[in-house]
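Just so we're clear, the structure is a prediction, and the values are computed from it rather than from any experiment.
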Amino acid sequence: MSTSLYPLASLAQIEKTPSREDGIPEELELDLRAFGCKLIHEAGILLRQKQVAVATAQILFQRFWYVTSMKQFGIGDIGMGALYLASKLEECPIRMRDLINVYDLLLQRTTHKLKHPPGISSSGAPCPEFKYIPMSYFGNTFYDLKDALVVAEMQILKRLGFNVHVVLPYGTLVNYLRVLGLTEREDVSNKAWGYLNDALQTPVYALYAVPTIVSAAILLATRHLGIALPSSPECCWWELFDADWEDVWSVAGHIMRLYRERTPDDQARVLSLMSKKGVRLWLEDNTPTHPHS
């Protein structure tokens with residue numbers, strides 16, 4: 001990764017991530033990244049954690065998969081470790097036991113969704129509601145999750161070379177809206193802010209500079225609200241922020257991808273690949289075998 005103000009993935013890492021080298025398709029990897037970040041977000045809400053820590057955790061989570069394969073570590077474990085580490089970095093630490101309890105709930109709910117997809121069951125009866133069963137502090141589950149959390153935090157630090165500096169985009173957004181004269185439009189601010197938060201579920205914070213990501217959020221917000229900004233060849237508003245149009249458009253595409261319709265099979269596949277064991281079983285079933293000549 002580059003060593004500028006904040007690390008970005010290299011061209012080689014972008015073209016062939018470790019997960020893709022192990023046989024995980026690009027679309028599936030992106031879906032797993034998004035789901036892992038969604039779990040971090042949900043855990044942050046349940047823990048009443050500050051948004052800066054949750055956002056930092058999601059960015060660290062995304063960076064991690066440019067240096068490590070999902071065949072080696074589960075997205076649930078790394079998400080838990082990223083949130084624990086980010087909470088320390090942003091000086092709003094959380095208790096390990098609280099984080100483990102929340103992730104146990106989220107993992108149980110994921111398992112329930114996998115066994116009982118929303119809707120009507122094949123027998124015609126409604127699917128049972130999810131009921132959380134608290135773990136025993138003297139059972140294996142707690143200690144297994146605790147060990148996974150400690151290992152995940154250590155591996156994030158080790159594999160990122162302790163370069164965990166993160167620049168969040170929110171202050172930049174406020175400044176850019178002021179330059180464009182849009183600070184009075186609360187709908188633009190809210191929508192652009194929302195796009196920045198949604199972008200945390202994509203790899204863009206590990207690929208592009210913050211001005212480019214903020215410009216993409218403003219582009220999506222203003223187009224959705226029908227607000228025209230100068231975009232003639234002589235005067236392009238994004239050039240004020242040293243953003244390249246192709247990069248801005250690419251970031252917008254990453255964000256819009258999150259809103260596409262997913263089939264029940266696609267959703268079930270992602271839920272079943274939460275752990276490295278699930279990923280390895282999937283690779284065994286889906287990697288073509290080449291007979292010996």
Practice problem: Treating Ile, Leu, Val, Met, Phe, Trp and Tyr as nodes and any side-chain heavy-atom pair under 4.5 angstrom as an edge, say whether Leu11 and Val251 lie in one connected cluster. | Solution: no
Quiz item: Between Lys276 and Asp77, is there a salt bridge with N-O shorter than 4.0 Å?
Solution: no
Quiz prompt | Side-chain donor/acceptor of Thr212 to backbone N/O of Tyr208, under 3.5 Å | solution = no
Exercise. Give a yes or no answer on whether the side chain of Gln62 reaches the backbone of Ala206 with a donor-acceptor pair at less than 3.5 Å.
Key: no
Quiz prompt | Arg260 atom CZ, over 12 foreign heavy atoms within 6.0 Å | solution = yes
Self-check item: Salt-bridge criterion met for Glu153 and Lys88 (N-O under 4.0 Å)
Solution: yes
Quiz prompt | Step-by-step side-chain hydrogen bond (donor to acceptor under 3.5 Å, both in side chains) determination, Tyr170 to Gln51 | solution = CA-CA 11 Å; Tyr170 306 111; Gln51 171 62 14; 3.1 Å; yes
Quiz item: Taking all atoms of both residues into account, what is the closest heavy-atom pair of Leu196 and Val214, and its distance?
Solution: CD2-CA, 4.0 Å
Quiz item: Judged by atom type as modelled, is there a donor-acceptor pair below 3.5 Å linking the side chain of Arg185 to the main-chain atoms of Gly181?
Solution: no
Quiz item: Between His116 and Phe130, is there a donor-acceptor pair closer than 3.5 Å when you use the side chain of the first and the backbone of the second?
Solution: no
Quiz item: What distance separates Lys115 NZ from Thr110 OG1, expressed to the nearest 0.5 Å?
Solution: 12.5 Å
Exercise. Applying side-chain contact (heavy atoms from CB on, under 4.5 Å), run through Val166 and Arg63 and close with a yes or a no.
Key: CA-CA 11 Å; Val166 168; Arg63 285 182 191 169; 3.8 Å; yes
Quiz item: Only one of Leu32, Leu283, Ile75 clears side chain to side chain contact (heavy atoms under 4.5 Å, CB included) with Leu273; which?
Solution: Leu32
Practice problem: Could you tell me which non-hydrogen atom of Gly81 sits nearest to which non-hydrogen atom of Ala152, and how far apart they are? | Solution: CA-CB, 3.9 Å
Quiz item: Side chain of Glu29, backbone of Ser19: donor and acceptor closer than 3.5 Å?
Solution: no
Quiz prompt | Leu30 reachable from Met70 in the ILVMFWY side-chain graph, under 4.5 Å edges | solution = no
Self-check item: Side-chain heavy atoms of Pro264 within contact of Pro117, under 4.5 Å
Solution: no
Exercise. Taking all non-hydrogen atoms of both residues into account, name the closest pair between Ala216 and Val248 and its distance.
Key: CB-O, 3.6 Å
Self-check item: Distance, nearest 0.5 Å, that separates CD1 of Ile59 from SG of Cys37
Solution: 9.0 Å
Exercise. Taking the side chain as every heavy atom from C-beta outward, state whether Ile213 and Thr172 have any pair of such atoms under 4.5 Å apart.
Key: no
Exercise. Could you tell me whether a side-chain N or O of Arg280 sits under 3.5 Å from a main-chain N or O of Lys71, the two making a donor and an acceptor?
Key: yes
Self-check item: Working for side-chain contact (heavy atoms from CB on, under 4.5 Å), residues Asp266 and Glu261
Solution: CA-CA 10 Å; Asp266 286 342; Glu261 288 286 336; over 6 Å; no
Quiz item: So, does Asn286 use its side chain to make a donor-acceptor pair with the main chain of Trp282 at under 3.5 Å?
Solution: yes
Practice problem: Flag the pair Glu184 and Arg178 as a salt bridge only when some basic side-chain nitrogen lies within less than 4.0 angstrom of an acidic carboxylate oxygen. | Solution: no
Self-check item: Salt bridge flag under 4.0 Å for residues Glu27 and Arg257
Solution: yes
Quiz item: Is there side-chain contact between Leu229 and Ile218, with at least one heavy-atom pair below 4.5 Å?
Solution: yes
Practice problem: Please report the C-alpha distance between Gln13 and Trp65 in whole Å, then the side-chain angles of each, then the deciding distance to 0.1 Å, and finally whether the side-chain contact (heavy atoms from CB on, under 4.5 Å) criterion is met. | Solution: CA-CA 9 Å; Gln13 289 170 323; Trp65 301 117; over 6 Å; no
Quiz item: Do you reckon Leu225 sits in the same ILVMFWY cluster as Val179, going by side-chain contacts under 4.5 Å, direct or chained?
Solution: yes
Quiz item: Distance from Leu145 atom CG to Met135 atom CE, nearest 0.5 Å?
Solution: 5.5 Å
Quiz item: Are the side chain of Ser250 and the backbone of Glu246 linked by a donor-acceptor contact shorter than 3.5 Å?
Solution: no
Practice problem: Assess whether side-chain contact (heavy atoms from CB on, under 4.5 Å) is satisfied between Leu60 and Leu89, documenting all intermediate values. | Solution: CA-CA 11 Å; Leu60 294 177; Leu89 295 174; 3.9 Å; yes
Exercise. Would you mind reporting whether Tyr132 and Arg109 have side-chain heavy atoms less than 4.5 Å apart?
Key: no
Practice problem: Without swapping roles, check the side chain of Gln49 against the backbone of Val54 for a donor-acceptor pair under 3.5 Å. | Solution: no
Quiz item: Transitively linked via ILVMFWY side-chain contacts under 4.5 Å: Ile227 with Leu219?
Solution: yes
Quiz item: Roughly how far, to the nearest 0.5 Å, is CG of Leu28 from CZ of Arg20?
Solution: 11.5 Å
Quiz prompt | Aromatic ring pairing Phe241/Tyr176, orientation class (parallel under 30°, perpendicular over 60°, tilted between) | solution = parallel
Quiz item: Out of curiosity, does Ile133 fall in the hydrophobic cluster containing Phe138 (side-chain heavy atoms, cut-off under 4.5 Å, transitive links)?
Solution: no
Quiz item: Salt bridge or not for Asp198 and Lys191, using N-O below 4.0 Å?
Solution: no
Quiz item: Nearest heavy-atom pair of Ala221 and Ala192: which atoms, and what distance?
Solution: CB-N, 3.7 Å
Quiz item: Side chains of Tyr205 and Pro169: does their closest heavy-atom pair fall under 4.5 Å?
Solution: yes
Practice problem: Looking only at non-hydrogen atoms, find the nearest pair between Ile78 and Ile156 and report the distance. | Solution: O-CD1, 3.7 Å
Exercise. To the nearest 0.5 Å, tell me how far Phe64 CZ sits from Arg159 CZ.
Key: 5.5 Å
Quiz prompt | Gln267 and Asp31: CA distance, side-chain angles, deciding distance, side-chain hydrogen bond (donor to acceptor under 3.5 Å, both in side chains) verdict | solution = CA-CA 9 Å; Gln267 295 176 20; Asp31 286 345; over 6 Å; no
Quiz item: Can you tell me how far CZ of Arg95 sits from OG of Ser87, rounded to the nearest 0.5 angstrom?
Solution: 13.5 Å
Quiz item: Name the one of Ile40, Asp98, Leu47 that satisfies side chain to side chain contact (heavy atoms under 4.5 Å, CB included) with Tyr103?
Solution: Ile40
Quiz item: For Tyr66 and Pro203, which heavy atoms make the closest approach, and how far apart are they?
Solution: OH-CB, 3.3 Å
